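We name chains A, B, ... by the order of the sequence lines, and we start the count at 1 in each one. Quick caveat: nothing in here was measured; it's all calculated off a predicted structure.
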Amino acid sequence: MTPENTPTRRTLWMFAAIAVLLYALIPVIWIASLSLKTPESIGDGSFFPTHWTLSNYSTVFHTGFFTAALRNSIGIALIATVLALVFASSAAYAITRLDFPGKTLILAGALAVTMFPAISIVGGLYNVWRNVGLFDTWPGLFIPYLSFSLPLCIYILSAFFREIPWDLEKAAQMDGATPLQAFRQVILPLAMPGVFTAGILAFIAAWNDFLFANVLTTSNAARTAPVAMAYFTGASQFQQPAGAIAAGAIVVTVPILIMVLLFQRRIVSGLTAGAVKG
Amino acid sequence: MATVAGTHTTVAPARPAPPAAGGLTGRARAERRLGLMLTLPSVLVMALVAGFPIIYAFWLSLHRADLRFPALDRWIGLDNYISILTSHTWWTDVENTLIISVISVLFELVLGLLIAEAMYRALYARTWIRVAVLVPYGAVTVVSAFAWKLAFDPATGFVPSLLNLSTPPLTTRGGTFLVIIASDIWKTTPFISLLMLGALALVPEDLYKAAKVDGATSLQRFFRITLPLIRPALMVALLFRTLDAFRIYDAVYVIGNGANNTASVSLLGYQVLINRLDLGLGSAIAVLIFICVGIIAFAFFRFLGASPQRR
Amino acid sequence: MFDAARRSVLRSEKVSRAVLAATLVLAGAAVTACGAVSSAAQGPAQLVYYTPIDSNGTNARAAKTCSEQSGGQYNITLTPEANSSDQSRQLIVQRLAAHYSDIDLINMDTIWTAEFAAAGWLKPITGANRREALTGVLPIAAQSGEYKGTLYAIPLNTNAQLLWYRKDLVHTPPSTWAQLIADAKRLPASDGLIEEQGAEYEGYVVWFNSLLASAGGRVLTADNQPSLGAPAVAAARIIKAVATSGRADPSLSTDQEDQGRLAFEAGHAAFMLNWPYVYAAGRTDAATSPVTKHVWENMGWAPYPGVYPGVPGKSSVGGANIGVSVYSQHPNLAIKAALCMTRYHWQNEEAINEGLPPVTIASYSDPQVVKAYPFASVLLKQLEHATNRPETPLYSDVSLAIQQTLHPPASIQPEQSIKALGSCLKTLINGGLC
C-alpha cells in the first residue's frame, strides 16, 4: 500500500467525488422533478414532486411548435457541424503537413474569430438576411454558426493531426500500397478520432446557441429548441408555463447528455488536446 | 549542375538543385499552392461570416438606420457613438457585465482548479467524477438558466422556502446577479476544470516527490510548484473564460431580462437592435462591445502573458 | 449579289419564322399560365391570422364560421403568438421588417398601432370598411386603432382595469389612492395587501400611465415632446407610496397580473388592481379550496381609484385590434375577414367565453354578457373614462424609458425620477440612448 492510499484519504476522495456529483446533478434533477409536477403543485416549493404527472411531456410533444423546433435544432446543428468539419479538415491537414506562408496567421485568425461577440455579428446579419430572404431559414442559421464551429474545428483538428505519425503513410507506400490505399487504410483511421471529437464539440456548441437563433428566426420554419423554450405559451394570456418549460428543457438536454456520457473519453481528450497540445 | 568552363570546383555531395532565382523549388512551390488552396475555403468562410458582419456593423453604425422610420435614414458619422458613450444606461450595463464577469471567472477558476485536482488525484470514482463534470457541459446554457431561475422564483422554486427568504432574490439587483452568476458558474466550471486537468497532467511527478522529501506541505507544493507550471494554461483558460463572460447573454435574458438593473452589454445591444429596430444605434453598441473584447484580449496578451502559441 | 439577296431573304424568313414560333409559344404559355392562375384563384385565398389562441376556442370558431360564410372566398387559419405581448411584438415586427407575406391578419396590442402604421406595415381601412369597423364602437377603442386620423386596425376587444376588493374586509371601496393606502393600513398585514403590477414590464407602464392620466397629465404632446410636469410627479409619488406603505405585496417589483391574482385568491390581499379576467378565473378557482371559495364569495369591484378627490380615476386601456399586413397577398379579403370576426355576435361570444370585454357599446347591456359580467356597467363607465397609452411610433422606447427610470417602485425619487424620464424621452425621440 502506497502512503497515498490510506483509509482516511480514500474516504476523503469518496466525499470529494460525492460532492462533485451532487454539484453536477442537483440542477438537472431539479429540472426533471419540476417537469413531472402537476400544474397545481408547481408552486408548492418542494424539491421533489408531491404529485406526479406526465402531462407536461405530452403538452411539449403535442404542441407542433416544439417538435418543429427540435427538428430544426438537430438539422441545423448537423449541417453546421458537417460543413465545419469539411472545411476544417482540409485546413488542418494543410496546416500540419504542408509548409506555406501564413500558417500562424490563419491559426491566430481562427482564434481571433472565436473571440468575436455574437451580438457584434448578428446585427449586420439580420439586416442582410432580411434583404436577401435568408431570414428565418435553415441556411440563415447554419451559416452564422460556422463563425464559431469552423474555428473550433480547425483548432481541435490541428491539435489532433499534429499527433499523427505521417511517416506511416510513406512506410505503407514503400510496402507497396498506392497513395490512396495508404491514405485510406493508415491515415484515415488515425484521423477519425480527432474528426469525431471535433464533430461532437462543434455539434454541442451549435445546439447550445441562443442569441443567433433568437434574432434570426421567428417561426417554426427555423426556430431552434432553446429559443422555443423561451416562447412556450401558457393557458391564459398572463400565465407562465413552468412545467412545460421544464419538460422542454429535459427533452433538449437528455440527448446531449447521453451523447456526452457515451463519448466522455473523446470529449475530455478533445478539450484537453486544445489546451495541452496547442 | 552547370559549371563554368575551366574553373575547378570541389564537387559537393549530392544535393537537390539549388533554388532558382525567385527562391523555391518546384516541389516547394506546389506544396505552397496546395496548402493555400486547402486553407482558402476556411479563410473565406470565416471572413464572410465573421469578418464581413463586423465591417458591415461598423458601416451601419455611422448612419441613422431605424427600421420603424425608414424615411429618416441618413449618414450621421459618430453621433451614435457619442450618444452611447454619454448614456448612463451603457455605462451601467458595462458595470453590470464586469460585475458578472469578474465574480464568475474568479469562482470558476478556484472551483475549476479544485475539481481538476480532484479528478487528477482521485484514486476512486475517477470515472464518476469525470462523468459528473461533463453533465453541466452537456446542458444547454438556456436550460441551466431556467433551472436556476425556476429554483429561485417563489412561484415555482424550492430555494425561497428552504432558506426562509423574506425578499425573493429575483426582486433585487444583488439577488438577480447571484442567480445569473450561479447559473454561469455551474455551467462553465467543468470546462475550466478539464482545461486545467490537461495542464496538471504535465507537471512532472518527480518535482512533487522531491519537494515532499524536502518537507514542503501540500499548500506549499501547490503554490511553489503547481501554480507556476500551469500558469500558461491557466492564463489561456482565464483569457477565454473572461471573454466568454463578457459576452454573456443567454442567462441574463432568461433570468430577469435585465430587470433590477442587471442587463449586460450584449442584452442592451439586443434590445436596441431587435426591440427598437434601431440598426444604426444597435450596430454602434455591437462595435463597442467588439472593441471592449479586443481590449480585454490585448490586455491578457500583453500584460498577463497569455499566449496560446507558447508552450 | 442575287445570292446575297436570296440569303438575306431566307435569313429574314428564318427570323420571322422564329419570331412567329416564339410568339406562339409565349402566347400558349401565357394562356396556360392565365388558366393556371385563374384556376388557383378559384380556390379560397388562404389568410393567416397571427393571434393568441383563445383557451375556450372562440376565435377559432369565429375564423371557421367566417371562412364558411365567405362563400369560398377565403379560409382563415390561426397561428399562435408568443407568451407575452413583448415577445409577440418582437416576432411580428421582425417578420414585417423582413417584408414577409405569410402573415395577413395580426391580432395587435393597442400599443402597436402607431408604430406599425408609421413604419408603413399596415393597410389603411377607409370608406365603407371604416364605417363598418367603427359603428357602435366605444370611442376609446376606435381611437386605439387610429393613427393620425386614419384607421389602421379594426377594434376587436378592449380592456380596462378595475379595483377589486374584499367586501368582508372593506365596507366602502376607496375612491382615491390615498384612501386606498389608508384603508389597507387599517387592516392587518397578513390579509390587507394591495396587489398591483410592479414588475419591470409593460404592465408597470399601464399603472404609471393610469395614474398620470388620472392626475390630468400625459406623457407626450401631440408633436412627440415630453410633457410630464406636476401630474407625473404626483403619479410617481403614489407608486412610491404604495411600494413603501407596508401593505404592498413583498414581490411587488416582480409581480405581473397573474401573481397578483393568485395572491388575492389565496386571501392575502384586500385590494387588487387588475383586468376583468380575474373575475372568471376567481370563479373557476373557487372550487379548489375553502379559502378561494370565501374570497370569491366576497369579491367586489369598484371604479379605478383617482388621484384627486372628486376626480374619477382614469385607467389605461388594453385590448386588441386586428390589423392587415400591407405585404399580404389578399389585403381586401383580409379586411373583409377581420370585419366578419369582429361583428356584434362574436363580440358577445368573446366576452362570455373568453373574458375579453367587447368594443361594441350595445354589448354591455346584452343580458347574456351582463350575466357573465355582473360588473358590466362599472366597466362600461370605466371605459368611457379611459385613456390610451401614448400613441406614438416611439411607444416601445417610451415604455422602456418609463420602466427604466421609475423602477423599482420603492426607490423612486419623484421629482428626480420624472426629470430623468423627461430628459430620457428627449434623447430617445432624437434617436439616442438614454
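With chain C as the partner, the residue from B/P70, B/A284, B/A259 showing the most heavy-atom pairs under 4.5 Å is B/A259. Of the listed residues (C/A118, C/S396, C/G431), the one with the most heavy-atom contacts under 4.5 Å to chain B is C/G431. When C/A97, C/C434, C/P250 are compared by the number of non-hydrogen pairs under 4.5 Å with chain B, C/C434 comes out ahead.
Applying the 6.0 Å contact sphere to OH of B/Y81 captures more than 12 heavy atoms from other residues, nucleotides or ligands.
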For the pair B/F69 and C/L394, evaluate side-chain contact (heavy atoms from CB on, under 4.5 Å) and give the outcome as yes or no after the intermediate values.
-> CA-CA 10 Å; B/F69 307 109; C/L394 294 160; 3.6 Å; yes
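With C/L433 as the partner, the side-chain contact (heavy atoms from CB on, under 4.5 Å) test is satisfied by one option alone out of B/T86, B/I285, B/L85: B/I285.
Distance check: C/Q94 CD to B/L277 CG gives 7.5 Å after rounding to the nearest 0.5 Å. C/E115 contributes atom CD, which lies 11.0 Å from atom CZ of B/R276 (distance to the nearest 0.5 angstrom). Interatomic distance, CD of C/Q404 versus CG of B/N261, reported as 8.0 Å (0.5 Å rounding). Taking CZ of B/R173 as the start and OG of C/S253 as the end, the distance is 14.0 Å to the nearest 0.5 Å.
Proximity of a side-chain donor or acceptor of C/R89 to a complementary backbone N or O of B/N275 within less than 3.5 Å is detected. No donor-acceptor pair under 3.5 Å is formed between the side chain of C/Q90 and the backbone N or O of B/I274.
A heavy-atom distance below 4.5 Å is found between the side chains of B/R68 and C/D397.
Closest approach of B/S83 to C/G432, counting heavy atoms only: OG-CA, 3.1 Å.
Using a 4.5 Å cut-off between heavy atoms, B/L281 contacts chain C through its side chain alone, with no backbone atom that close. Contacts of C/D255 with chain B are absent, with no heavy-atom separation under 4.5 Å from either backbone or side chain. Proximity to chain C (any heavy atom under 4.5 Å) is restricted, for B/L268, to the side chain, taken from C-beta onward.
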